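I have placed the structure first, in the form of structure tokens, so that the comments after it can refer back to it.
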Amino acid sequence: AGEPAGAQDLAGRHVVVSAGGTREPIDPVRFIGNRSSGRQGVALAAAAAARGARVTLVAANVEDAVLEGLGAGRAGAADVSVVPVGSTAQLADAVHTAAATADVVVMAAAVADFRPEATPDAKIKKVPGRPPEPIRLVENPDILAGLARERRRAGQVVVGFAAETGDAAAGVLEHGRDKARRKGADLLVVNAVGAGQGFGTASNEVTVLDGAGEVVARAAGSKRVVADAVWDTVVKVSS
Ligand code: CTP
Ligand code: CA
């Protein structure tokens, strides 16, 4: 959109990016959610489109102001189709459908690990002095691991993201390595989150691991800089 054309190294490819954070309904008016803004996923979509890809952005609860980062509506608008979703089940459906024709799938969305077992049709009412029963949770399917297992098309590249904090058991990179080996994805983009890092912030610092947990790239800067570093790595592993 008015910017000088850079490398068109994703021309002719269909890429799918999930962004934002899923919301799991508790009742018709309440949900369990997370703080993901969708900015990194939107930056990935915009960067891929600028490099010539046809992009499907599966956007889980991403605010319109964030989606404006796609540059849609301007002359020469990017080739991005946005599929809005709410829950993890909806995100899984949309990603699996789009993945059938995708050369690359990037799971940048923050997906709820668990959802309430039952969702009543009516709002849970307050009974003064009688708090409701605890909400029972059941596990959601791991979409990324499923995509990595299934490989809908030959040579399809599957990329995950991992926000890690590090804890008493292991540091950020060690957690990332374990996760890379567990998920079966081709690439895992690991970023440190916590005070002033990652969620909701304008910039990022990431390490890209391969499926064996080896470091293949590092990047720091704006979410667009990180996005382009991810696409550089995808192009490298798929050429
Ligand atoms: N992911 C997914 N489906 C899920 C949970 C996560 O596809 N049900 C994807 C995310 O989109 C991300 C990657 O898996 O690309 C890593 O997510 P993360 O939450 O870091 O991994 P988990 O395996 O859920 O581990 P934990 O939350 O315990 O750190
Ligand atoms: Ca998780």
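This is a predicted model, so every value here is computed, not measured. Along the sequence shown, residues carry numbers from 1.
- Taking each heavy atom of Ala148 and Gly184 in turn, the nearest pair found is CB-O, 3.3 Å.
- In this structure the side chain of Thr22 never reaches within 4.5 angstrom of the side chain of Ser87, judged on heavy atoms.
- When all heavy atoms of Gly41 and Ala19 are compared, the closest pair comes out as CA-CB, 3.7 Å.
- Counting heavy atoms from C-beta outward, Ile143 and His96 have side chains that approach closer than 4.5 Å.
- Just one residue in the list Arg153, Arg13, His14 forms a side-chain hydrogen bond (donor to acceptor under 3.5 Å, both in side chains) with Asp103, and that residue is Arg153.
- Taking hydrophobic clusters as Ile, Leu, Val, Met, Phe, Trp and Tyr residues chained together by side-chain heavy-atom distances below 4.5 Å, Trp231 does not share a cluster with Val58.
- Arg51 pairs with exactly one of Val234, Asp232, Val15 by the side-chain contact (heavy atoms from CB on, under 4.5 Å) rule, that one being Asp232.
- When all heavy atoms of Val85 and Ala94 are compared, the closest pair comes out as CG1-CB, 3.9 Å.
- At distances below 3.5 Å, not a single donor-acceptor pair connects side-chain atoms of Asp79 with backbone N or O atoms of Arg54.
- With Val159 as reference, Leu187 is the one residue of Val105, Leu44, Leu147, Leu187 to meet the side-chain contact (heavy atoms from CB on, under 4.5 Å) rule.
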Walk me through whether Asn140 and Asp113 qualify under side-chain contact (heavy atoms from CB on, under 4.5 Å).
CA-CA 5 Å; Asn140 275 327; Asp113 293 328; over 6 Å; no
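- We find the OG1-CG distance between Thr233 and Leu209 to be 10.5 Å, quoted to the nearest 0.5 Å.
- In this structure, Glu63 places its CD atom where only 12 or fewer heavy-atom neighbours from other residues, nucleotides or ligands lie under 6.0 Å away.
- Between Arg224 and Asn204 there is no side-chain heavy-atom pair separated by less than 4.5 Å.
- Side-chain contact between Leu91 and Ser18: present, with at least one pair of heavy atoms (C-beta onward) separated by less than 4.5 Å.
- Side-chain contact between Asn191 and Glu205 is absent, with no heavy atoms from C-beta onward closer than 4.5 Å.
- Checked options Arg23, Glu24, Arg115; the residue passing with Thr88 is Glu24 (criterion: side-chain hydrogen bond (donor to acceptor under 3.5 Å, both in side chains)).
- Val17 and Leu144 sit in two unconnected hydrophobic clusters of ILVMFWY residues. Membership requires side-chain heavy atoms under 4.5 Å apart, directly or through other members.
- Hydrophobic side-chain contacts under 4.5 Å tie Ile135 into a cluster, directly or through other members, with Ile26, Ile32, Phe114, Ile124, Leu137.
- We find the CE-NZ distance between Met107 and Lys183 to be 8.5 Å, quoted to the nearest 0.5 Å.
- Taking each heavy atom of Val80 and Ala45 in turn, the nearest pair found is CG2-O, 4.2 Å.
- Residues Val106 and Leu57 share a single hydrophobic cluster, defined by chaining ILVMFWY side chains whose heavy atoms lie under 4.5 Å apart.
- Contact detail for Ala185 and Gly160: the closest heavy-atom pair is CB-N, 4.4 Å.
- Residues Val237 and Asp210 fail the side-chain proximity criterion, which asks for heavy atoms closer than 4.5 Å.
- By the salt bridge (Lys or Arg N to Asp or Glu O under 4.0 Å) test, Arg151 is found to be paired with Asp186, residues two or more places apart in sequence or in another chain being considered.
- Under a hydrophobic-cluster definition in which Ile, Leu, Val, Met, Phe, Trp and Tyr are linked whenever side-chain heavy atoms come within less than 4.5 Å, directly or via other members, Val226 and Val66 are assigned to the same cluster.
- Val225 and Val189 fall into different hydrophobic clusters, defined by Ile, Leu, Val, Met, Phe, Trp and Tyr side-chain heavy atoms under 4.5 Å apart, directly or through other members.
- Using a 4.5 Å heavy-atom cutoff, the side chains of Arg30 and Asp27 are in contact.
- Counting only residues at least two apart or in different chains, salt bridge (Lys or Arg N to Asp or Glu O under 4.0 Å) contacts with residues 169-182 comprise Glu164-Lys179.
- For the pair Val172/Val190, a side-chain contact is recorded, criterion being any heavy-atom separation below 4.5 Å from C-beta on.
- Listed for the Gln156 side chain is a donor-acceptor partner under 3.5 Å among the backbone atoms of Ala102.
- Across Asp228 and Ala47, no two heavy atoms sit closer than the pair OD1-CB, 3.7 Å.
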